[in-house]
Amino acid sequence: MTKTLVLGIGNLLLTDDGVGIRAIQLLEERYMLPEEVQVVDGGTCGLDLLQFLEGVDHLVIIDAARLGKTPGSIARLEGDQVPAYLALKTSPHEIGLPELLFTARLTDIYPPKVVVLGMQPESIETSLGLTPAVAAHLNELVEMAAVEVGAVKC
Amino acid sequence: MRAVEDALGIKIPTNARLIRNIIEAIQYVQDHVIHFYHLHALDWVDIVSALEADPQATSELAQSISDWSKSSADYFKGVQDKLKLYVSSGQLGPFGNAYWGHPAYKLPPEANLMAVAHYLEALDWQREVIKAHAILGAKNPHLQTYLVGGMSIPVDPNSQAAINADKIAHLQALFAKAKEFVEKVYLPDVLAVAPFYLDWTTVGEGLGNFMSYGDFPLIDDFDPNKASDLFIPRGVILDRDLSTVHPLDPASITEYVTHSWFKYEDESKAMHPAEGQTNPNYTGPKPPYEFLEVEGKYSWLKAPRYDDKSMEVGPLARMLIAYASGHERVKFWVDAVLNKLNAPATVLFSTLGRVAARCVETMVLAEQLAGWTNELAANIAAGDLRIHENDHWAPSTWPAEAMGWGWTEAPRGALGHWIHIKDGKIANYQAIVPSTWNGSPRDANGVPGAYEAALVGTPVADPNQPVEILRTIHSFDPCMACAVHVLDPEGKEITKVIVAD
């Protein structure tokens, strides 16, 4: 059985930076997830998340990302696009995501399939809640994540 | 949590006390090892130099300092080949920003290769041992088993979901693994690296005042001021005088905002956190930041003081206070380290002293885990299944007004929370975290905090590559990765300001 991990990344206290966390919350709320899918709120943790990558075949990261597009835009990155995205350090927060995936490689547990679903934030100021521009596209992001892991609507 | 427990006069049950000690101790052990290998080691270890190491000589070196099993020439050759692959592909990841080849790196290639191997092993090890948190009923990585009054995980020898004999056995296996790594890898590595950097026993000493709130209660009805009631004792050391541990009076803790981006009515005075205020008042420059005016306000940290004195907190403070209080295991390991390095206790007041103190602390807590786990098992076996004090759960049982102080020693140092409860609501809440003590700006009297004081007199070979400054700042284990990361493009400007100081 292939093991899938959906990792939401971000800080709910920094406006749109929390979009990854909001997305996984809605994913768990609205969908029946296949048994082999684990959903983890990675928050702002770095290396602490390494244990969750063990034995994972398919990793889906949901994150705020500076894509240089209008707020709420979504990008799906896979394979070779992922290291390139990390090298640009486009993620606005210090999560240690590049370090996490780099150390996963070093310790030979880098998942065979890694997908990043990144959404362009409008604001990462200190505040709870998403900006309207990002909130308007949140459902889209959740649906993309659901398709990614084969989830069925409740 | 402890602030509320203090305000409401709650005493937690034995099982909750032991589980808290265990969760916290394994957190320390994991955190300190990660700090040493993954956040601090590369200030001392040149990984590019490791490419030139002779695997056979590395194996001999490793076997001369420890009987750790992973020490063959083939093993080190494998690590070196892996490293070569990364260096040649240019994918250095977190290794990319360092100052490889800097003259301040003193280790021979073989010691560098050994350290790189242990860097990688520590990654696997930490992933394994922290599973103890999941076993103890926490939603990892954000621990959620804590409750005001105790813990939420049930204790039931007959339930698979509760703490039972299987789980105790699993914990013991993990803790044995934790201890073995600290004893056979971390400690020998520190002892092997230190002789090459003995000049760092005279650099980075800083304030000379040390404070610990103490932690890890050994009995239910403990007296926090009694050194034998807490595994890590409470107290204050002033002016490097190890002959006296002063008792800690929480009423003497105050905070200034004279040089902080906050507002008080009278900023020449400090306020006690129980009636403290946090009114942000940013007066600093607008981005892009080029210069920080340190004569005025220059920090988002307040300036906490104890009895109007600036204090260092963290592993060095704790180990000095435990050592001076006559703590048996701390004394044993501190003396063992000092004997090995053939150095007097005064070398502890330094950057390298902080590195050594953190290692000693990891060792004594790793040793302690098995005992607390046995104690927990024995208490459960004796029929005590209590995990939570329910008497104060309903808000109707609370007094109309109550104040509380929650204190703990986090891995980075003394952590205090102050709560004022009024009519069932939080009227005021203040926290002083360890990095606020250590990273404190100057107070109304111009007295600097621990980082600032520790950097005075630090030799810097190349101002553009100030690895020496990183060594001292990292030795405190600052919790400011966020800030450092955000300011990354401006990094040079920041270090320039510090060097000029």
Side-chain angles (χ1 to χ4, degrees), chain A residues 5 7-14 17-18 21 24-25 28 38-56 64 66 80 82-110 124-127, chain B residues 26-27 30-31 33-35 37-39 42 47 78-79 82-83 85-87 89-97 116-135 138-144 174 280 282 300 479-489:
Chain A
L5 173 70
L7 191 58
I9 298 284
N11 189 338
L12 288 173
L13 303 175
L14 300 177
D17 194 45
I21 310 297
I24 59 157
Q25 286 170 347
E28 286 194 295
Q38 191 190 8
V39 178
V40 169
D41 171 355
T44 56
C45 298
L47 287 182
D48 289 350
L49 299 172
L50 207 55
Q51 54 174 311
F52 295 101
L53 297 187
E54 218 177 323
V56 167
R66 259 181 212 138
D80 293 344
V82 174
Y85 146 79
L86 292 174
L88 284 172
K89 287 188 183 176
T90 45
S91 179
H93 43 75
E94 202 277 327
I95 194 268
L97 190 63
E99 286 80 1
L100 176 71
L101 292 184
F102 180 80
T103 47
R105 258 193 218 285
L106 276 180
T107 53
D108 303 318
I109 57 166
Y110 192 88
I124 51 166
E125 293 291 304
T126 313
S127 175
Chain B
I26 190 65
Q27 174 83 50
Q30 187 225 20
D31 209 69
V33 169
I34 290 180
H35 176 265
Y37 284 103
H38 306 128
L39 304 172
L42 302 185
I47 61 162
V79 171
K82 197 170 182 176
L83 187 61
L85 206 68
Y86 279 96
V87 173
S89 72
Q91 289 189 6
L92 277 170
F95 303 154
N97 288 330
V116 170
H118 294 163
Y119 175 108
L120 296 174
E121 286 175 41
L123 284 171
D124 285 332
W125 170 90
Q126 61 91 15
R127 195 173 82 212
E128 188 66 22
V129 298
I130 206 61
K131 287 178 181 162
H133 279 180
I135 295 168
K139 182 192 167 197
N140 210 298
H142 313 294
L143 295 188
Q144 292 185 349
L174 290 175
Y282 183 68
W300 275 115
C479 74
M480 310 219 174
C482 247
V484 171
H485 194 88
V486 171
L487 295 173
D488 218 18

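Numbers restart at 1 for each chain; the letters A, B, ... are given by sequence-line order, proteins then strands. This structure is a prediction, so every number in the text was calculated from the model and none was measured.
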Legend entry - CD on B:E128 to CD on A:Q51, rounded to 0.5 Å: 9.5 Å
Legend entry - Contact class of B:Q30 relative to chain A, heavy atoms under 4.5 angstrom: side chain
Legend entry - Within 6.0 angstrom of A:E125 CD, more than 12 heavy atoms from elsewhere: no
Legend entry - Close side-chain approach of B:R127 and A:L53, heavy atoms under 4.5 Å: no
Legend entry - Distance in Å, A:E54 CD paired with B:K131 NZ, rounded so as to fall on 0.5 Å steps: 4.0 Å
Legend entry - Residue among A:L106, A:T103, A:T107 satisfying side-chain contact (heavy atoms from CB on, under 4.5 Å) with B:D124: A:T107
